[in-house]
> 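The structure follows.
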Amino acid sequence: MYTPSKDHIFIAGRTLAIQVAIFVVLLASLWGFQKLYALTDKTVFPECYQVTYVPEMTDEEKGVQLLDALVNRMTYELNSTYGWSANDILFNKWVMDNRAYRQFGTYVATKMLLDNYSTVIAKLGSSDRENEDLYKARLNQFAFSPQRWGMLFIPSAEQAYKKGLNLVKKYETDLMNKKAIYNARTDDIYEAFNVILGETVFGYALGLLQGSQDLPFYTLDNKIYEVQGVMLVVRDYVNALYTLYPEIAAKGNAENYAEAMDLLNKICTYDPLYITSTVNSGELIISYLLFARNRLSDIRDSIRI
């Protein structure tokens with residue numbers, strides 16, 4: 001039986017110590033870079049957009065606050081330190097992939113909820129004409145791919161989205177001057193929750209993480225941050241609906257709301273040092289999504305009771 005000499009043991013121990021030291025230095029460097037980057041551009045979002053409710057506020061005031069909550073994340077991303085990264089040459093989805101994919105998710109959720117707001121909430125009924133400014137915003141400006149570059153007379157994605165947000169602001173001004181419509185009935189709020197919980201928002205987020213255990217880490221982390229982008233918009237919008245319509249809370253939803261927001265907060269503050277299929281994996285985010293969807297489904301169902 002071979003018995004290693006003391007010199008061999010020393011050499012092996014020294015080699016192992018050097019490897020551990022290099023690994024620790026690499027982790028420390030990665031952590032330091034992440035912290036330095038966070039000083040110039042936020043990577044976690046612990047607080048959702050806050051709306052203000054007073055019993056005597058008008059429907060028009062509610063409409064403006066609800067729409068502000070809906071577009072809050074898109075406004076933030078467009079005005080953030082590095083702007084819209086999804087289509088940039090320098091700060092793109094390969095260099096700053098986490099923020100770029102977060103922006104992809106932000107775009108998807110904003111587009112889906114704005115469609116619902118414009119075609120359902122900002123009308124008197126199904127046969128009523130859609131507001132022209134919101135129509136132009138969602139079908140013309142927000143129809144651009146998030147990766148669209150600007151060239152010649154075709155605007156870039158961020159130029160189009162900013163024009164869309166200006167049209168949203170124009171609708172809000174008209175709304176406060178009673179030249180536009182806001183008509184959020186109980187059925188409309190119920191339908192808004194249906195959109196949130198349906199295939200185009202929550203379903204989209206869950207679909208991104210399908211088969212996450214088989215994904216390489218460089219694909220998995222992009223999908224997780226895209227999910228985060230979706231849920232950042234959902235969190236703002238759900239909080240606004242719940243706050244502006246206290247009759248939702250009056251149906252015994254305090255616990256459901258608190259638990260749903262806690263789960264959404266965990267997704268919105270998720271920013272680990274590294275992600276793999278087994279450590280900080282997509283399975284954790286999926287569990288947050290499923291439990292949050294269950295709580296929000298209970299809130300939605302209570303609206304019809």
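As the structure is a computational prediction, the values presented were derived from the model and not from experiment. Position 1 is the first residue of the sequence; numbering continues from there.
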> Taking all atoms of both residues into account, what is the closest heavy-atom pair of W84 and P146, and its distance?
NE1-O, 2.9 Å
> Would K178 and E60 pass as an ion pair if we require N to O under 4.0 Å?
yes
> Does any non-hydrogen side-chain atom of Y204 lie less than 4.5 Å from one of E199?
no
> So F142 and Y161, would you call those rings parallel, tilted or perpendicular, with 30° and 60° as cut-offs?
parallel
> Side-chain donor-acceptor pair under 3.5 Å between R73 and T106, yes or no?
no
> Can I224 be reached from F45 by stepping across I, L, V, M, F, W or Y side chains whose heavy atoms are under 4.5 Å apart?
no
> Are I299 and L290 co-members of a hydrophobic cluster defined by side-chain heavy atoms under 4.5 Å apart?
yes
> Quick one: does N166's side chain get under 4.5 Å of K170's, heavy atoms only?
no
> To the nearest 0.5 Å, tell me how far M74 CE sits from Y107 OH.
7.5 Å
> Answer yes or no: is there a side-chain heavy-atom contact under 4.5 Å between L70 and T110?
yes
> Is the side chain of T243 donor-acceptor paired with the backbone N or O of A240 at a distance under 3.5 Å, no angle test?
no
> Under the 3.5 angstrom rule, does the side chain of N131 hit a backbone N or O of D133 as a donor-acceptor pair?
yes
> Decide yes or no for Y117 and Y171: does some side-chain heavy atom of the first lie under 4.5 Å from some side-chain heavy atom of the second?
yes
> Can you name the nearest heavy-atom pair linking D236 to A69, along with the distance?
CB-O, 3.5 Å
> Tell me if the aromatic rings of Y53 and Y245 count as close, with their centers under 6.0 Å from one another.
no
> Write down the atom of L78, the atom of E158, and the distance for their closest heavy-atom approach.
CD2-CB, 3.7 Å
> Might you work through the side chain to side chain contact (heavy atoms under 4.5 Å, CB included) test for I189 and I248, ending with a clear yes or no?
CA-CA 10 Å; I189 297 172; I248 300 175; 4.0 Å; yes
> Check whether any side-chain heavy atom of R295 lies under 4.5 Å from a side-chain heavy atom of E255, and answer yes or no.
yes
> Take T173 and N177 through the test side chain to side chain contact (heavy atoms under 4.5 Å, CB included) and record every step on the way to the result.
CA-CA 6 Å; T173 299; N177 291 327; 3.7 Å; yes
> Are L209 and I285 packed together at the side-chain level, in the sense that at least one heavy-atom pair is separated by less than 4.5 angstrom?
yes
> Quick one: sort the Y242 and Y257 rings into parallel, tilted or perpendicular, breaks at 30° and 60°.
parallel
> When rounded to the nearest 0.5 angstrom, what is the spacing between CG in L264 and OH in Y288?
12.0 Å
> Passes side chain to side chain contact (heavy atoms under 4.5 Å, CB included), E247 versus T186? Steps please.
CA-CA 10 Å; E247 56 266 34; T186 300; 5.7 Å; no
> Would you confirm whether N194, through its side chain, and E191, through its main-chain N or O, come within 3.5 Å as a donor-acceptor pair?
no
> Atom CG of D128 and atom OG1 of T119: how far apart are they, to the nearest 0.5 Å?
12.0 Å
> Please confirm whether R102 makes a cation-pi placement over Y225, using NZ or CZ under 6.0 Å from the six-membered ring centre and within 45° of the ring normal.
no
> With distance as the sole test, does N253 use its side chain to make a donor-acceptor pair with the main-chain N or O of N256 at under 3.5 Å?
no
> So do the side chains of D262 and K266 get within less than 4.5 Å of each other, counting heavy atoms only?
yes
> Does Q103 reach the main-chain N or O of G83 with its side chain, forming a donor-acceptor pair under 3.5 Å?
yes
> Under 4.5 Å between any side-chain heavy atoms of K62 and M57, yes or no?
yes
> Can you tell me how far CG of N72 sits from CD of Q50, rounded to the nearest 0.5 angstrom?
10.5 Å
> Do L114 and L244 sit in the same hydrophobic cluster, where Ile, Leu, Val, Met, Phe, Trp and Tyr count as joined when their side-chain heavy atoms come under 4.5 Å apart?
yes
> About how many Å separate CG of L175 and NZ of K169, when rounded to the nearest 0.5 Å?
12.0 Å
> Judged by modelled atom types alone, do S80 and R99 share a side-chain donor-acceptor pair under 3.5 Å?
yes
> Please tell me whether M231 and M112 are part of a single hydrophobic cluster in this structure, the criterion being side-chain heavy atoms less than 4.5 Å apart.
yes
> List the atom of M261, the atom of N239, and the distance in Å for their closest heavy-atom pair.
CE-CB, 4.0 Å
> Membership question, hydrophobic clusters at under 4.5 Å side-chain separation (ILVMFWY): are F202 and L232 in the same one?
no
> Go through V227 and K223 one step at a time and tell me if the side chain to side chain contact (heavy atoms under 4.5 Å, CB included) criterion holds.
CA-CA 6 Å; V227 169; K223 289 182 177 293; 5.6 Å; no
> Closest approach of F193 and L296, non-hydrogen atoms and distance?
CD2-O, 4.2 Å
> Looking only at heavy atoms, which two atoms of K111 and R138 are closest? And how far apart?
CE-O, 3.2 Å
> Would you say K136 has more than 12 foreign heavy atoms packed within less than 6.0 Å of its NZ?
no
> Suppose we call two aromatic rings close when their centres sit under 6.0 Å apart. Are F104 and Y101 close by that rule?
yes
> To the nearest 0.5 Å, what is the distance between CG on L197 and CG on N294?
9.5 Å
